[in-house]
Amino acid sequence: MANDEGARGAAAARAPLVHTTMNPVTQPGAVPRVELTEVSKHFGGAQALSEASIVVDRGEVHGLLGENGSGKSTLIKILAGYHTPDAGQLTVDGRPQRLPMSAGQLRDLGISFVHQDLGLIDSVTVTENIALRDIATQRGVFISWRKAHRNATALLARYGLSIEGQSPMSRLTPFERAMVAIIRALEGISEARSAGRGLLVLDEAMAFLADHERALLASIARDLAAGGTSVLLVSHDLDDALKVCDRITVLRDGRVAGTVDAGRTNRDQLAELILGTRAPSHAAVPAARQQQAAGATLTALSAGGIPPVSLELRPGEIVGLTGLAGESFARIPYIIYGAEPDGDGILDLQGRTYVIREMTPVRALKAGIVLIPGDRQRQGAVASLSVGENVALPRLNEYFRGCRLRAGQLAAAVKTLLGHYHVRPAEPRASMTTLSGGNQQKAIIAKWLQLEPRLLLLDEPTIGVDVGSRAQIFEQIRGLAANGTAVLCASNDYAQLAELCDRVLIFSAGQLEGELAGPALTKEMILSQCLMLSGEAHSLES
């Protein structure tokens, strides 16, 4: 299945994305598809939105960008009926609508959402996840599950997915999960689409996808717009927004910083609009650290279905692992950490030898190994705990005297740590769930980097993170590496790897097949190598 996905994604990536600044369906002076006017919302003493307005035209792909905490999620949740605004108006196809809207009203208006967390339920089947909207909005609906499974399988096949409707959602890959959520949303507005109307809201949907998969989703968005259906794309990826969107609205500190024509705006201008200042630049990693002896050596590392792989990291070196979606490289950090069953191999870390099959997360931590997982919602944090409690967990024992917790010392230390890692708000008592995605990620990074590990393992460290938070996270990782920590980063974000890493190792068909470094280490070269190596692997298989 993984190889099939890679082939489909490779074909999509090779097809150029045609950017148009004005879709033929969109006519000047036409009634907007959706217009939110002077929307305001506060939570307690915090003003999340202040008189924010956005207009999405008919047949337009409209981008919504901004830093984490800028108000994007609040605006989308108001449109989705999750929040009631303090003030503001909404019109859809020229008709005023009362806020908040119900799920049934959204369905009737042809408005559908793919949220960042995808809204999928792991404990049920793919078919049941696809049918959730109908179940939630229709009373007395009778479902023949045998027929529903058949229809779901056929529907998924139309989008190039070889997934059975009765498959448990928990068994799907991240790419397959994202596509199920997108397909469900598209089906939810099928009637509106056929009439050349409707709105699909993609709230960070591209954050879950590799570059070639984002190209596939981009082509879906452009096709929808060509047919008259509007798309509101919420994203942190500036390149995606500039390639795919007709216009882009930027929020900053709850207010609209501006709306620009994507075809007349470059990346630097867009970043400056988001940040309110010029985007920070980073000095190159000092070449001197490349001369040091090995800090971590992995020999014959393997697990179920993964062929043995060997690699070496120098102290202070940041090494990336990548390939097309479904490749085994994403499991390597978890194997090293003892979080994958059937792991095997040998790890030599700064003079000490560890047998991977005997490794557990507890032993890994004692050895100075830290893993920051890709799924911050389910693996990176405890949602029921406060920000301070989450950040304090790895060092909690240090704040006990006898059986008594030194709460004051703990709170002060955590507050200092949150400030150092630019977590907003730097409030230890705040609930973890109230933080934006980027600030959650910075809190998780603060939680683990305070241990000053000898080996740092990363899995997609900046998914759903804005350009400013991304720069801050890179700065923290680079600072740790400058002090001698070896860093291994698995990612499908090729731009991230090109910016962060000293070397990038490329996997194809489970094997380590290539390496890029120096001037050759660019986003375009990484993508090219991934596609070329994948094509060679498929040729050999056939």
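Note that these values count all heavy atoms, side chains included, but never hydrogens, waters or copies made by symmetry.
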Practice item. Just jot down the side-chain contact (heavy atoms from CB on, under 4.5 Å) partners of T125, sequence neighbours excluded, or say none. Key: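 In terms of side-chain contact (heavy atoms from CB on, under 4.5 Å), with neighbours along the sequence ignored, T125 is linked to T127, E128, H149.
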- prompt: Does R252 CZ have over 12 foreign heavy atoms under 6.0 Å away?
  reply: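 Yes, CZ of R252 has more than 12 neighbouring heavy atoms, counting only those of other groups under 6.0 Å.
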Under 6.0 Å from the CD atom of Q379, do we count more than 12 heavy atoms belonging to anything else shown?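 Enclosed.
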Checklist entry - For the side-chain contact (heavy atoms from CB on, under 4.5 Å) test, which of D203, V201, V92, T74 pairs with L79? => result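 Exactly one candidate clears the test, V201.
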Which distance, rounded to the nearest 0.5 Å, do you find between the [atom1] of [X] and the [atom2] of [Y]?
{"X": "I189", "Y": "S194", "atom1": "CD1", "atom2": "OG", "value": "10.0 Å"}
{"X": "L242", "Y": "R267", "atom1": "CG", "atom2": "CZ", "value": "8.5 Å"}
{"X": "T462", "Y": "R470", "atom1": "OG1", "atom2": "CZ", "value": "4.0 Å"}

* May I have the step-by-step check of side-chain hydrogen bond (donor to acceptor under 3.5 Å, both in side chains) for S386 and R429, ending in yes or no? => CA-CA 6 Å; S386 69; R429 293 173 297 180; over 6 Å; no
Does any non-hydrogen side-chain atom of [Y] lie less than 4.5 Å from one of [X]?
{"X": "I163", "Y": "M179", "value": "no"}
{"X": "R222", "Y": "V61", "value": "yes"}
{"X": "V387", "Y": "N439", "value": "no"}

For residues 88-101, which residue pairs qualify under side-chain hydrogen bond (donor to acceptor under 3.5 Å, both in side chains), counting only residues two or more places apart or in two chains?
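Checked against side-chain hydrogen bond (donor to acceptor under 3.5 Å, both in side chains) - neighbours excluded - the pairs reaching residues 88-101 are R33-D93.
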Checklist entry - If every non-hydrogen atom of N492 is compared with every non-hydrogen atom of E460, which pair is closest and at what distance? => result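 What the structure gives for the nearest pair is N-OE2, 2.6 Å.
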Run H62 and S230 through side-chain hydrogen bond (donor to acceptor under 3.5 Å, both in side chains) and show every step you take. CA-CA 8 Å; H62 195 111; S230 302; over 6 Å; no
All salt bridge (Lys or Arg N to Asp or Glu O under 4.0 Å) counterparts of R146, not counting sequence neighbours: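 In terms of salt bridge (Lys or Arg N to Asp or Glu O under 4.0 Å), with neighbours along the sequence ignored, R146 is linked to no residue.
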Just do the side-chain hydrogen bond (donor to acceptor under 3.5 Å, both in side chains) check on T249 and T259 with the steps written out, would you? CA-CA 4 Å; T249 294; T259 297; 2.8 Å; yes
Any salt bridge linking R331 with D459? Criterion: basic side-chain nitrogen under 4.0 Å from a carboxylate oxygen.
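Judged by the 4.0 Å cut-off on N to carboxylate O distance, R331 and D459 do not form a salt bridge.
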